[in-house]
Colleague: 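I'd like to ask you about the structure that follows.
Start at 1 and go down the list; that is how both ligands and their atoms are numbered. Starting from 1, each residue takes its place in the sequence as its number.
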Amino acid sequence: MKSVDTHLAEILATVRPLAPLELELEQALGATLAEELSSPVPLPPFDNSAMDGYAVRAEDVSEIPVRLPVIDDVAAGSVELRAVGPGHAVRIMTGAPMPAGADAVVPVEWTDGGTVSVLIDRPVEVGNAVRRAGEDVQAGEVVLKPGTVIGPAQLGIIAGVGRRRVLARPRPRVVVISTGAELVEPGAPLAHGQIWDSNSFTLTAAVREAGAEGFRAGSVGDDPAVLLDQLDTHLVRADAIITSGGVSMGAYEPVKEALSPLGTVRFEKVAMQPGMPQGFGVLGEDRVPIFALPGNPVSSFVSFMLFVRPALDKMRGLPSEVLETVTARVTRPLRSPAGRRSFLRGVLASDGTISPVHGQGSHQLAALALANALIVVPEDVTEIAEGTAVEVIRL
Ligand code: AMP
Ligand code: MG
């Protein structure tokens, strides 16, 4: 059997970062910046007021209280400004440009709020409540480095330096296909022998949580020809494909039957539990990666976390680091098969303990839904006593 680490290493050696594209701001959320972003101008571009108040010469407000005539009124966006001469004040709003001559802003709270003249009852220091040009960013300064994931704040600075488009690796488009003649869409009635398709929802959601775009293609039954047809349709728009089911040793294994003859997808046993049967390879001229995950719901989810998620990171141009683990003490004794790495479902508590959930079968979806972590049991460990420290992957 192939080890978990070898399987992951082969996947990571195959998948490539997506090519960068010029993305519109509206499409850039979640993409990975592929250029060094700098500002063409200083930000703020001009000295402006940080508060609503009065622009003055600080030296005129050293003896208080003092009453000054208000000679102008400037709002944010004002362009024609009168200079502030000695003994004058200008009413000014937040974001409005500082008039020439003024060197400080007296907040409105320190005054009587007058519009013809203003009574100021606190002294002010030079530079008070003034935002200097370039205080945030100098002209030409780098504001974001390549490899940065574009979140809301990063989108803000891209727009803030005046860019409409940015060079970035888009979020990978991942198509999720379920196989299984027994599957029925949730919401539709079940006949005997049928179950509701849950994997396609779990996997599509997991894709989205991993920062990619998930498209749920639904189920193709157990017909290899229908699967090939679906793959044909989706390959044009997919950066990766995930299938669930149809990769084990039985009959009616449509994924294995459809893809084995192509010679570009390998079906193997990986030394893990759950999730032993795994398929991985590439499809079509564009060599689109395909992850053929096992059908049991817990197996497909664990396989996603171990293999697909790091691959998606790499496609996004991010480091595909080994899944982070924390150490916790098990509250119950555990068993694990020899020669396979187990990923048991558990509830990690704030006191540093982890309680395995009841129901460790790879079909036990409800138990998975109660868990918030996976307990990793190494290949050579078969029994773990209560209180032993174990490695845990948070979900
Ligand atoms: P398979 O890998 O196709 O042999 O499926 C293994 C087990 O997982 C079977 O019990 C299937 O009914 C179940 N299964 C397969 N696909 C799904 C799915 N999309 N949703 C829920 N269970 C599934
Ligand atoms: Mg099946």
Colleague: Is the shortest side-chain heavy-atom distance between D286 and L235 below 4.5 Å?
Modeller: no
Colleague: Checking a contact table here: which protein heavy atom is nearest atom 5 (O) of ligand 1, and how many Å away?
Modeller: G295 CA, 3.7 Å
Colleague: Regarding ligand 1, does N199 bring an N or O atom to under 3.5 Å of one of the ligand's N or O atoms?
Modeller: yes
Colleague: If you measure only the distance, is there a donor-acceptor pair under 3.5 Å linking the side chains of S219 and D197?
Modeller: no
Colleague: Indicate whether the side chain of T353 and that of D351 have a donor and an acceptor atom separated by less than 3.5 Å.
Modeller: yes
Colleague: Mind checking whether S198 contacts ligand 1 via backbone (N, CA, C, O), side chain (CB onward), both or neither, at a 4.0 Å heavy-atom cut-off?
Modeller: both
Colleague: Which of the atoms in ligand 1, numbered in the order shown and given with their element, are less than 4.0 Å from a heavy-atom of D197?
Modeller: 18 (C), 19 (N), 20 (N)
Colleague: Relative to ligand 1, is E182 under 4.0 angstrom through side chain, backbone, both or neither, heavy atoms considered?
Modeller: side chain
Colleague: What do you reckon, does I195 have a nitrogen or oxygen under 3.5 Å from a nitrogen or oxygen of ligand 1?
Modeller: no
Colleague: Does T179 come within less than 4.0 angstrom of ligand 1, counting non-hydrogen atoms of the residue?
Modeller: yes
Colleague: In the structure I gave you, are the side-chain heavy atoms of L395 and M305 within less than 4.5 Å of one another anywhere?
Modeller: yes
Colleague: Is atom CZ of R287 surrounded by more than 12 heavy atoms (other residues, nucleotides or ligands) closer than 6.0 Å?
Modeller: no
Colleague: Return yes when atom CD of E24 has more than 12 non-hydrogen atoms of other residues, nucleotides or ligands closer than 6.0 Å, and no otherwise.
Modeller: yes
Colleague: Which of parallel (below 30°), tilted (30 to 60°) and perpendicular (above 60°) describes F291 and F280?
Modeller: tilted
Colleague: Is G180 close enough to touch ligand 1? Criterion: a residue heavy atom under 4.0 Å from a ligand atom.
Modeller: no
Colleague: At a 4.0 Å threshold, what atoms of ligand 1 neighbour a non-hydrogen atom of S178?
Modeller: 19 (N)
Colleague: Please report whether ligand 1 has a polar contact with G246, defined as an N or O pair separated by less than 3.5 Å (distance criterion only).
Modeller: yes
Colleague: Taking the side chain as everything from C-beta on, heavy atoms only, tell me whether I150 gets closer than 4.5 Å to I158.
Modeller: yes
Colleague: Note the single closest protein heavy atom to atom 10 (O) of ligand 1, along with its residue, its atom name and the distance in Å.
Modeller: N296 OD1, 4.1 Å
Colleague: On a heavy-atom basis, I'd like to know which of S248, P294, S299 is closest to atom 4 (O) of ligand 1.
Modeller: S248
Colleague: Ignoring hydrogens and angles, state whether a donor on the side chain of Q278 or S303 is under 3.5 Å from an acceptor on the partner side chain.
Modeller: yes
Colleague: Could you tell me whether S244 approaches ligand 1 through its side chain, its backbone, both or neither, with non-hydrogen atoms closer than 4.0 Å?
Modeller: side chain
